[in-house]
Novice: 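Have a look at the structure that comes next, please.
Order of the sequence lines fixes the chain letters, A, B, ..., with proteins taken first and strands second; residue numbering starts at 1 for each chain. This is a predicted model, so every value here is computed, not measured.
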2 protein chains.
Amino acid sequence: MSEDLEELAGRYRDILRQAVYLLRSIDAEGELSTSQVSTLNMLASQPLRVGAVARFAGIRVPSATEQVIKLESAGLVQRTPDDSDARAVLVRLTEDGRKALAQANKRRNADVAAALATLSEEERGAVKNALPAIGKLNAALKS
Amino acid sequence: MSEDLEELAGRYRDILRQAVYLLRSIDAEGELSTSQVSTLNMLASQPLRVGAVARFAGIRVPSATEQVIKLESAGLVQRTPDDSDARAVLVRLTEDGRKALAQANKRRNADVAAALATLSEEERGAVKNALPAIGKLNAALKS
DNA sequence: CGCTCATAGTTAGGTAGTCTAACAATGTGG
DNA sequence: CCACATTGTTAGACTACCTAACTATGAGCG
């Protein structure tokens, strides 16, 4: 029983390990990096403080600062003061950032979609069904 | 239809992104790193050439060389000449390496198993069912 | 008010793990 | 036996993280 859980855990870890490689492998030349895409994706729906970016990304605040500064130099985000708290910095997408993000997401999704297309209908269904559970699992591991 | 595929692809990428963080988060102080565990796991069943390590890990040969050298310094693997080809180097686990690997896997699996335990039976089933398909997907993306 | 303590972010300096380019050594096939 | 291919290492660079130390602002309390 707990035996089974550990066995499943092992197989799950294996798959995850491969997936990490995979994520890297769909990076492309001269395009946004995976972490940059992640950061921009978070900002797509609303501006966030640097601290919130860090929390969502699962990284420390100084690392988030660094990412944000890099994106700012590239003109993809803007840093503006938070009117309600002069210590805080709001990070928001620029128009260029929104465009770059859309393009990067499009290309990446196309790559993954092509791979999904090689699966059987049943396999795709299995993946689809597992996504919410994996999300929950990720959250559980975060704490 | 292809629309659905891209949408699924997007959600899948999201989950994967989180999983990367997750993999890092179960690293622990003064223990083997995730990539070291990966490398050692490959060697658990049989010795491999440096090139094979690189291929399996999805990294370039120089990166594999570096990993192997680091593991060798730690006494966890041995590099021995390949009798059938003097250019090649066979990497094999030492006894210490086998022990360290077992311990690291045990702790990591326990962490993941604890998270799995928070899911419902149904959710766990969904994860389990998806693993083969995700593996196939990983393979498809690799090419 | 004016301290003190907490919170938000940045800066500085360091590490792990990857990459490409260039090289050495060995194997292989005309 | 010579040219080309293959295997691995070395050198040098980069990204993305980390911790520690700092600055600036906010908030609670006497």
Side-chain angles (χ1 to χ4, degrees), chain A residues 17-18 20-40 42 47-74 76-92 104, chain B residues 17-18 20-40 42 47-74 76-92 104:
Chain A
R17 194 158 27 86
Q18 286 186 277
V20 168
Y21 162 71
L22 183 165
L23 254 197
R24 201 174 41 241
S25 81
I26 59 178
D27 275 10
E29 298 299 315
E31 215 191 39
L32 296 172
S33 72
T34 295
S35 13
Q36 289 178 322
V37 173
S38 301
T39 305
L40 294 180
M42 282 174 228
L48 291 176
R49 289 179 173 198
V50 170
V53 168
R55 249 194 333 283
F56 288 154
I59 60 181
R60 303 293 176 177
V61 173
S63 309
T65 295
E66 192 178 308
Q67 289 294 333
V68 166
I69 288 175
K70 210 170 286 180
L71 289 170
E72 191 180 37
S73 319
L76 305 182
V77 304
Q78 257 188 334
R79 282 194 296 174
T80 57
D82 183 337
D83 293 332
S84 70
D85 184 343
R87 294 167 304 177
V89 172
L90 277 179
V91 185
R92 73 179 71 243
Chain B
R17 192 159 27 87
Q18 287 187 275
V20 168
Y21 163 71
L22 183 165
L23 254 197
R24 200 174 43 239
S25 82
I26 60 179
D27 274 12
E29 299 298 316
E31 215 190 38
L32 296 171
S33 72
T34 295
S35 12
Q36 288 178 322
V37 172
S38 301
T39 306
L40 293 180
M42 281 175 231
L48 291 176
R49 290 179 173 198
V50 170
V53 168
R55 249 194 333 281
F56 288 154
I59 59 181
R60 302 293 176 177
V61 173
S63 310
T65 296
E66 191 179 309
Q67 288 294 330
V68 166
I69 288 176
K70 211 170 285 183
L71 290 169
E72 191 181 36
S73 319
L76 305 182
V77 305
Q78 259 187 333
R79 281 194 296 175
T80 55
D82 184 336
D83 293 332
S84 70
D85 185 342
R87 292 168 304 176
V89 172
L90 277 179
V91 186
R92 72 180 71 242

Novice: Could I get a table of every N or O pair under 3.5 Å where one atom is in the protein and the other is in nucleotides 23-30 of chain C?
Specialist:
{"residue": "C:dG27", "atom": "OP1", "partner": "B:A86", "partner atom": "N", "Å": "2.9"}

Novice: Can you tell me how far P of D:dA13 sits from CD of B:E66, to the nearest Å?
Specialist: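 Whole-Å distance recorded here is 15 Å.
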Novice: Would you kindly give the CZ-to-P distance between A:R60 and C:dT10, to the nearest whole Å?
Specialist: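 Interatomic distance, CZ of A:R60 to P of C:dT10: 17 Å.
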Novice: Check A:A104 against A:L32 and note the closest heavy-atom contact, atom names and distance.
Specialist: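 Looking at all heavy atoms of both residues, the shortest contact is CB-CD1, 4.1 Å.
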Novice: Quick check: do B:K70 and B:L76 have side-chain heavy atoms less than 4.5 Å from each other?
Specialist: no
Novice: What is the distance, rounded to the nearest whole Å, between atom CZ of A:R79 and atom C1' of C:dT10?
Specialist: 8 Å
Novice: Ignoring hydrogens, what is the shortest heavy-atom contact between A:E72 and A:Q78? Give both atom names and the distance.
Specialist: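 Smallest interatomic distance, heavy atoms only, reads OE2-C, 4.5 Å.
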Novice: Please state how far atom CD1 in B:I69 lies from atom P in D:dG8, giving the value in whole angstrom units.
Specialist: 12 Å
Novice: At 4.0 Å (heavy atoms only), tell me whether B:Q67 reaches a base, stays on the sugar-phosphate, or touches nothing.
Specialist: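 Since only primed, P, OP1 and OP2 atoms lie under 4.0 Å of B:Q67, the category is sugar-phosphate.
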Novice: Round to a whole Å and report the spacing from CG of B:L48 to C1' of D:dG8.
Specialist: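 Distance, rounded to whole Å: 15 Å.
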Novice: Would you indicate what A:V61 reaches in the nucleic acid, counting non-hydrogen atoms under 4.0 angstrom: base, sugar-phosphate, or nothing?
Specialist: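 Base contact.
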Novice: Report yes if the side chains of A:Q67 and A:V53 come closer than 4.5 Å at any heavy-atom pair, otherwise no.
Specialist: no
Novice: Would you mind telling me which residue lines up with the more 5' stretch of DNA chain C, B:T34 or A:V68, judged by nearest nucleotide?
Specialist: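 The residue mapped nearer the 5' terminus is A:V68.
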Novice: How many whole angstroms separate atom CD of A:E31 from atom C1' of D:dT15?
Specialist: 16 Å
Novice: Would you indicate what A:S35 reaches in the nucleic acid, counting non-hydrogen atoms under 4.0 angstrom: base, sugar-phosphate, or nothing?
Specialist: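 The residue A:S35 makes sugar-phosphate contact but no base contact.
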Novice: From the options D:dT7, D:dT10, C:dA16, select the nucleotide whose nearest atom is closest to the side chain of B:K70.
Specialist: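 The closest nucleotide is C:dA16.
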Novice: Mapping A:S33 and B:A52 to their closest nucleotides on DNA chain D, which lands nearer the 5' end?
Specialist: B:A52
Novice: Would you mind reading off the distance between B:L71 atom CG and C:dG17 atom C1', rounded to a whole angstrom?
Specialist: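 Answer to the nearest Å: 12 Å.
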Novice: Please report the distance, rounded to the nearest Å, between CD1 in B:I59 and C1' in C:dG17.
Specialist: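 My rounded result for the distance is 8 Å.
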Novice: Answer yes or no: does a side-chain N or O of A:S63 lie under 4.0 Å from OP1 or OP2 of D:dC18?
Specialist: yes
Novice: Taking only the side-chain nitrogens and oxygens of B:T65, find out if one of them lies under 4.0 Å from OP1 or OP2 of D:dT9.
Specialist: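 Answer is yes, contact under 4.0 Å.
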Novice: If the condition is salt bridge (Lys or Arg N to Asp or Glu O under 4.0 Å), which residues does A:D82 pass it with, not counting sequence neighbours?
Specialist: A:R49
Novice: Evaluate the side-chain proximity of A:M42 to A:L48: yes if any heavy-atom separation is below 4.5 Å, no if none is.
Specialist: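 A side-chain contact exists here, since the closest heavy-atom pair is under 4.5 Å.
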Novice: Rounded to the nearest 0.5 Å, what's the gap from OG1 on B:T34 to CD1 on B:I26? Could you check?
Specialist: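 CD1 of B:I26 is found 6.5 Å from OG1 of B:T34.
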